[in-house]
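Below: one structure, written as structure tokens.
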There are 2 protein chains.
Amino acid sequence: MSQHSGSEAAATEERSGPKTERGRRTLRRLLDAAGEEFGTRGYHETAISNITQSAGVGLGTFYVYFKSKEEVFKALVADMGARTRHALSESVKDAPNRLEAERLGIQAYVEFVRSHKALYRIVMEAQFVAPEAYRAYYRTFSEAYRQQLAQASKRGEISDGNDDVRVWALMGASTFLGLKFGIWDDAADIGAVSEAAADLMINGLAPRAKKGDAS
Amino acid sequence: MSQHSGSEAAATEERSGPKTERGRRTLRRLLDAAGEEFGTRGYHETAISNITQSAGVGLGTFYVYFKSKEEVFKALVADMGARTRHALSESVKDAPNRLEAERLGIQAYVEFVRSHKALYRIVMEAQFVAPEAYRAYYRTFSEAYRQQLAQASKRGEISDGNDDVRVWALMGASTFLGLKFGIWDDAADIGAVSEAAADLMINGLAPRAKKGDAS
DNA sequence: TCGGAACCTGAATGTTGACTCATGTTTCAA
DNA sequence: TTGAAACATGAGTCAACATTCAGGTTCCGA
């Protein structure tokens, strides 16, 4: 965790990160422990002492690395955003077209949620604990997504439409599917779910036109 | 608030509700104040004394009507669920078919969110404060929705598909649209949003088949 | 008119937990 | 080897509530 982008780690500390190897190790332990604790007990039910105990360091050590409880939380949200984007862009990177990309994206997303339940919860709770971080998370997401749709639309792979609205609807759909089938019903068959979901996103609810149905 | 179903109000009090008119008035004041405070400051940032002051009653009075802070919160979530379902079923009640119902439903939902921002926030926060109430909220919702889809499917108004998955995808889409265009961008043109969203849900992203496109 | 039920109150209690700080210990460049 | 920067620590401080309770006040049927 947190080794993805130096810039994020930097924002985590007052001025630049830890100077020594020992320091970097401790920081990583704290971030991992915080992710685990926040993710399972929730922000308000997690005490700093829970985190430091879980990390195996003294209570005071926490404040060597973070200004406040909220600050770690924000760092985790940003980290989760970077990871999710990475996982998604990987999963989609060699899709032949946008429709196929949607299918793959949904599947990858639900799988990702399922295998990162704790961090996923953190993102959701950010809506109330760190609203700005939450909005930033979805803003970044939606901007990239909208661009994808606009390009696909230009290539004729998808119909024209209000991409801003579409993006939010699609993100919402994925989010809820992640919650329902990634967290709550985590025994569900992800393949079937993403198949059905992709079908809905691609073809909609409307009845299929029958062959030779000119009307 | 809370005058919708006697059964909910009953669950709110230890044994049956207030006996006198004065009592009923006080209860209503407390519920309204709690909705307002929780909705704007959030659950954890709201103190019982905030609620009682806002309601214009003494601190102790709160505990005449509720066992705990969490209890009012749950009551509010249930109340919001009943209201939302009511608003939606009203808006959809004379739709000629399911596709039109989807369009109307989305529009009504975003409008409802926009005009009940505080209570809407409470429902979302319930995910962390009262998870069981949150799941119940969506369970009730999804069951009714799924039935609607199944019937429409039988009538041939929509295609066949995995309704369980579809329902969650559609609820997610509406929820996010409500968040984005009902709360965050509350100046957006709801008509345009619901139009675009309904188009997505009905026709999907796939390019429109051109006239005489038999392939 | 009276008594008890229903209702109201806010000071006091007790707990919880974020954050500070004075005092070490470790690391490492000179 | 050494001193200062970096790191580690946990007891103690302090403010913020949720909830209780003992002592009222108001209402209403008999």
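These numbers come from a predicted model, not from an experiment. Naming: A, B, ... by sequence-line order, numbering from 1 per chain.
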Notebook entry, point to check: For the residue pair Y43(B) and F128(B), is the inter-centroid distance of their aromatic rings smaller than 6.0 Å?
Noted result: no

Next item on the list: Identify, between I48(B) and R24(A), the residue whose nearest nucleotide on DNA chain D lies closer to the 5' end.
Entry: R24(A)

Check: Looking across every strand, which nucleic acid part, if any, lies under 4.0 Å from L59(B) by heavy atom: base, sugar-phosphate, or nothing?
Finding: base

Next item on the list: In whole angstrom, give the distance that lies between atom NZ of K67(A) and atom P of dT20(C).
Entry: 11 Å

Notebook entry, point to check: Within the pair T26(B) and dC7(C), is there a side-chain N or O less than 4.0 Å away from OP1 or OP2?
Noted result: no

Check: Y63(A) side chain N/O closer than 4.0 Å to the phosphate oxygens (OP1, OP2) of dA8(D)?
Finding: no

Check: In whole Å, what is the span from the CD atom of E37(A) to the C1' atom of dG17(C)?
Finding: 15 Å

Notebook entry, point to check: N50(A) has an atom CG; how far is it from atom C1' of dT16(C), in whole Å?
Noted result: 12 Å

Next item on the list: Check the pair V64(A) / T26(A) against side-chain contact (heavy atoms from CB on, under 4.5 Å), numbers first and verdict last.
Entry: CA-CA 10 Å; V64(A) 172; T26(A) 303; over 6 Å; no

Notebook entry, point to check: Does K19(B) make a side-chain N or O approach to OP1 or OP2 of dA6(C) shorter than 4.0 Å?
Noted result: no

Notebook entry, point to check: To the nearest Å, how far apart are E21(A) CD and dT26(C) C1'?
Noted result: 14 Å

Notebook entry, point to check: Which part of the nucleic acid, if any, lies within reach of T20(A) when heavy atoms closer than 4.0 Å are counted: base, sugar-phosphate only, or nothing?
Noted result: sugar-phosphate

Note to self: What verdict does the side-chain contact (heavy atoms from CB on, under 4.5 Å) test give for E21(A) and R24(A), after you've listed the backbone C-alpha separation in whole Å, the side-chain angles of each residue and the deciding distance to 0.1 Å?
What the structure shows: CA-CA 5 Å; E21(A) 180 51 31; R24(A) 279 185 290 275; 3.4 Å; yes

Notebook entry, point to check: Choosing from dG17(C), dA18(D), dT9(C), which nucleotide comes nearest the side chain of T61(B)?
Noted result: dT9(C)

Next item on the list: Select base, sugar-phosphate, or nothing to describe what G60(A) touches, counting heavy atoms under 4.0 Å on all strands.
Entry: base

Item checked: Length of the line joining K69(A):NZ and dT20(C):C1', which is rounded to integer Å -> 17 Å

Margin query: Could you tell me how far apart Y65(B) (OH) and dT9(C) (P) are, to the nearest whole angstrom?
Written below: 9 Å

Note to self: Just to be sure I understand the rule, does T46(B) reach a base, reach only the sugar-phosphate, or reach nothing, if contact means heavy atoms closer than 4.0 Å?
What the structure shows: sugar-phosphate

Check: CG of L27(B) versus P of dC7(C): gap in Å, rounded?
Finding: 10 Å

Item checked: S54(A) side chain vs N50(A) backbone, donor-acceptor pair below 3.5 Å -> no

Item checked: Of the listed nucleotides dT9(C), dA18(C), dA6(C), the one nearest the side chain of R22(B) -> dA6(C)

Checklist line | Length of the line joining Y43(B):OH and dC17(D):P, which is rounded to integer Å | finding: 13 Å

Margin query: Please tell me whether H116(A) and F112(A) form a close aromatic pair, meaning their ring centres lie under 6.0 Å apart.
Written below: yes

